[in-house]
Amino acid sequence: MNARTFRRVRPWVQLAAVLLFLVLIVRAGNGRFLPADLFFRADPLTGLAGMLAAERVTAALLISVILGIGLALVLGRVWCGWLCPLGTLLDWTPSRRTRNFEPDPLPRLRSVKYLLLAFILIAALLGNLTLLILDPITLLYRAFATAVWPALVWLITAAERAMYAVPFLRGPVDFIETNLRGTVLPVEQPLYGLNVLVALVLVGVLALNAIRSRFWCRYLCPLGGLLGLVSRVSWLRRTVSDSCIECRRCARACPTGTIDPARGFASDPAECIMCLDCAPVCARAGQQFTPILIPAPRLAYDPTRRQFLAAGAAAVAAVGLLGAERAAGRPHLRLIRAPGAQGPEFLSQCIRCGVCLKVCPTAGLQPSFTEAGWSGVWSPVLAPRLGYCDYSCNACGQACPTGAIPKLTLEDKRLTVIGKAYINIDRCIPWADGRSCLVCEEMCPLPEKAIILRDEQIIAPDGSAVEVRRPYVVRERCIGCGICENKCPLVGEAAIRVETA
């Protein structure tokens, strides 16, 4: 098979990769046949940064590094051109293509992705993974899981309501509800904080195509920077032969603008994504993809040693500022983590991918914003008013790709304390209004209830003595699951709240 034949196969491989990515998101936590974090297991940047920050080697992360780096050593940035779902979306997004070849207007900007890579890895070495939110798989998974999918679920539910008003459409609606609700479609509408901001970030990445095709891949992607560095010594590369007639068709077809007429239409293997778009347009077959065993030469836009040192210094300064922020402030009262993720090392392992948010059956795990400070932006926290930690679920730990949330057995998870409940007697119905309410006690899932009721006599407004059952929290029993807060019937803030243990 020559390059032109492989070029015809590529769109189908890209489509299959995107469909698999979407299936893993939709089916996350629903008896999946493949792990929800499959794409993270093939992402060398998350693997390398995760191991540096955790200061330990784990099998899953090591495999991701070996697979990603090994693939780049043999085939260059084929991950970017064939498998990356964000790269495929960029190919499907309208972009500015040059009719007559124009030189890259921003060649120096190509070094930004390498500097971002240096920043991320040095920060990871110091235990900080905040900027790993710029990893393309992390960015896309988070956007689809917490913004696109919930919006789609809402639209489907709204369409079903409208269709059910038409008698002959009730059959299809009943079929969807019977066969898809609870398996593919969630029973309750998922809701995630910061979803609009997450969606805007993805829209912004796609909108950059209006400046240049694959703008993100050319200039900003830190994973592309890592694979680009490795691709400088890749085995298979594009070469130009003496039969080239300088028709410029290959340069116009290249989505990353790396084919340079000034260098005899050669391309930089660190920028070539092996898309093979240049192959079918070549008039004289003046280019080939052949094995090469010598490193590619440095180019003018490659970052200098001074720039790398500056990026490292910026990373050290940023980690210092974020560390000082955490050390100076007290923990947020509502900083409730997933079971087993309460230790200070959690932020050194969490890559902010959003997998745990998607598999949480109650949507109780939410992306944090201010609760954990700037160093913990987009890390998961439990928001009990939106969803509780299901007593019969340990999915978050099983799905976490880095082990930031440990893989607890269900028995161990049920014994893990993540917070403590307390009652606001100024809002609690039996305490403030003198009327009975048993919801929090009834909802407590523990075999030995953490909420008990006591019969107490109070004086009613008319002066009569009445007996009311008032709730009390037995704090040594409470594990902080939050179901009491979630089910509290009050509008707005619950009368019983879970706070950091």
Exercise. Are any side-chain N or O atoms of Ser267 and backbone N or O atoms of Cys272, one a donor and one an acceptor, separated by less than 3.5 Å?
Worked result: no

For this session: Can you establish whether the number of heavy atoms outside Glu55 located under 6.0 Å from its atom CD is more than 12?
Result: no

Exercise. Below 4.5 Å, heavy atoms only, C-beta onward: do Pro339 and Asn394 meet side chain to side chain?
Worked result: no

Seminar exercise, completed: Minimal heavy-atom distance between Cys396 and Leu365, with the atoms involved, is CB-CD1, 4.0 Å

Seminar exercise, completed: Closest non-hydrogen contact found for Ala123 with Ala315 is N-CB, 4.0 Å

Exercise. Just by distance, do the side chain of Thr256 and the backbone of Glu271 share a donor-acceptor pair under 3.5 Å?
Worked result: yes

Just list the side-chain donor-acceptor pairs under 3.5 Å for residues 134-144, sequence neighbours left out, or say none.
{"from": "Asp135", "atom 1": "OD2", "to": "Ile137", "atom 2": "N", "distance (Å)": "3.1"}
{"from": "Asp135", "atom 1": "OD2", "to": "Thr138", "atom 2": "N", "distance (Å)": "3.0"}
{"from": "Asp135", "atom 1": "OD2", "to": "Thr138", "atom 2": "OG1", "distance (Å)": "3.2"}
{"from": "Arg142", "atom 1": "NH1", "to": "Arg352", "atom 2": "O", "distance (Å)": "3.2"}
{"from": "Arg142", "atom 1": "NH2", "to": "Ile133", "atom 2": "O", "distance (Å)": "3.3"}

Seminar exercise, completed: To the nearest 0.5 Å, atom CG of Leu125 lies from atom CD1 of Ile120 at 14.0 Å

For this session: Identify the two heavy atoms, one from Leu220 and one from Leu116, that lie closest to each other, and give their separation to 0.1 Å.
Result: O-CD1, 3.3 Å

For this session: State whether the number of non-hydrogen atoms from other residues, nucleotides or ligands found under 6.0 Å of Phe369 atom CZ is greater than 12.
Result: no

Problem set entry | Distance in Å, Ile66 CD1 paired with Leu73 CG, rounded so as to fall on 0.5 Å steps | 11.5 Å

For this session: State, with a plain yes or no, whether a side-chain heavy atom of Pro150 is found less than 4.5 Å away from one of Asn195.
Result: no

Problem set entry | Close side-chain approach of Phe39 and Leu20, heavy atoms under 4.5 Å | yes

Problem set entry | Donor-acceptor contact present, side-chain Arg10 to main-chain Gly81, <3.5 Å | yes

Exercise. Tell me, which pairs form a salt bridge (Lys or Arg N to Asp or Glu O under 4.0 Å) where one or both residues lie in residues 476-501, sequence neighbours left out?
Worked result: Arg334-Glu485, Glu448-Arg477, Glu493-Arg497

For this session: Report the distance from atom CD1 of Ile63 to atom CG of Leu67, rounding to the nearest 0.5 Å.
Result: 7.0 Å

Atom pairs and distances, side-chain donor-acceptor, residues 403-418, under 3.5 Å, sequence neighbours left out:
{"from": "Thr409", "atom 1": "OG1", "to": "Asp412", "atom 2": "N", "distance (Å)": "3.2"}
{"from": "Thr409", "atom 1": "OG1", "to": "Asp412", "atom 2": "OD2", "distance (Å)": "3.2"}
{"from": "Lys413", "atom 1": "NZ", "to": "Asp390", "atom 2": "O", "distance (Å)": "2.3"}
{"from": "Lys413", "atom 1": "NZ", "to": "Cys393", "atom 2": "O", "distance (Å)": "3.1"}
{"from": "Arg414", "atom 1": "NE", "to": "Tyr391", "atom 2": "O", "distance (Å)": "3.0"}
{"from": "Arg414", "atom 1": "NH2", "to": "Ser392", "atom 2": "OG", "distance (Å)": "3.4"}
{"from": "Thr416", "atom 1": "OG1", "to": "Asp412", "atom 2": "O", "distance (Å)": "2.8"}

Exercise. Any side-chain heavy atom of Arg77 within less than 4.5 Å of one from Met274?
Worked result: no

Problem set entry | Distance-only donor-acceptor check, side chains Arg110 and Thr258, under 3.5 Å | no

Exercise. Is the closest basic N to carboxylate O distance between Glu160 and Arg181 below 4.0 Å?
Worked result: yes

Problem set entry | Pair Asp91-Arg214, salt bridge (charged side-chain N to carboxylate O under 4.0 Å, His left out): steps then yes or no | CA-CA 7 Å; Asp91 281 343; Arg214 285 215 178 211; 2.9 Å; yes

Problem set entry | Closest non-hydrogen atom pair between Ala363 and Pro190, with its separation | CB-CA, 4.5 Å

Exercise. More than 12 heavy atoms of other residues, nucleotides or ligands under 6.0 Å from CH2 of Trp154: is that the case?
Worked result: no

Problem set entry | Candidate pair Thr130 and Ser375, rule side-chain hydrogen bond (donor to acceptor under 3.5 Å, both in side chains), full reasoning | CA-CA 6 Å; Thr130 303; Ser375 61; 5.4 Å; no

Exercise. So, Gln342 side chain and Gly340 main chain: donor-acceptor pair closer than 3.5 Å or not?
Worked result: yes

Exercise. Closest heavy-atom contact between Val230 and Ala72?
Worked result: CG1-CB, 3.7 Å

Problem set entry | Side-chain heavy atoms of Tyr219 within contact of Leu208, under 4.5 Å | no

Problem set entry | Glu371 side-chain N/O to Leu335 backbone N/O, donor-acceptor pair under 3.5 Å | no

Exercise. So do Cys478 and Lys420 actually touch side chain to side chain, heavy atoms under 4.5 Å?
Worked result: yes

For this session: Measure from the side-chain N and O atoms of Thr88 to the backbone N and O of Cys84, and report whether any donor-acceptor pair falls under 3.5 Å.
Result: yes

For this session: Without swapping roles, check the side chain of Arg298 against the backbone of Pro303 for a donor-acceptor pair under 3.5 Å.
Result: yes

Problem set entry | Main-chain N/O of Gly127 paired to Ser348 side chain as donor or acceptor, under 3.5 Å | yes

For this session: Take Leu86 and Leu202 through the side chain to side chain contact (heavy atoms under 4.5 Å, CB included) test and state the conclusion after the steps.
Result: CA-CA 9 Å; Leu86 181 55; Leu202 177 60; 4.1 Å; yes

Exercise. Looking only at heavy atoms, what is the nearest atom pair of Pro384 and Ile336, with distance?
Worked result: CG-CD1, 4.2 Å

Exercise. Taking the side chain from Lys113 and the backbone from Arg218, do they hold a donor-acceptor pair closer than 3.5 Å?
Worked result: yes

Exercise. Is there a side-chain contact between Ser95 and Leu90, using heavy atoms and a 4.5 Å cut-off?
Worked result: no

Problem set entry | From CG (Leu61) to CG (Asp43), nearest 0.5 Å | 10.0 Å

For this session: Answer yes or no: is there a donor N or O on one side and an acceptor on the other, between the side chain of Ser213 and the main chain of Pro255, under 3.5 Å?
Result: yes

Problem set entry | Pairwise side-chain contact, Arg385 with Asn486, heavy-atom cut-off 4.5 Å (strictly under) | no

For this session: Measure the spacing between CD1 of Ile451 and SG of Cys444 and express it to the nearest 0.5 Å.
Result: 5.0 Å

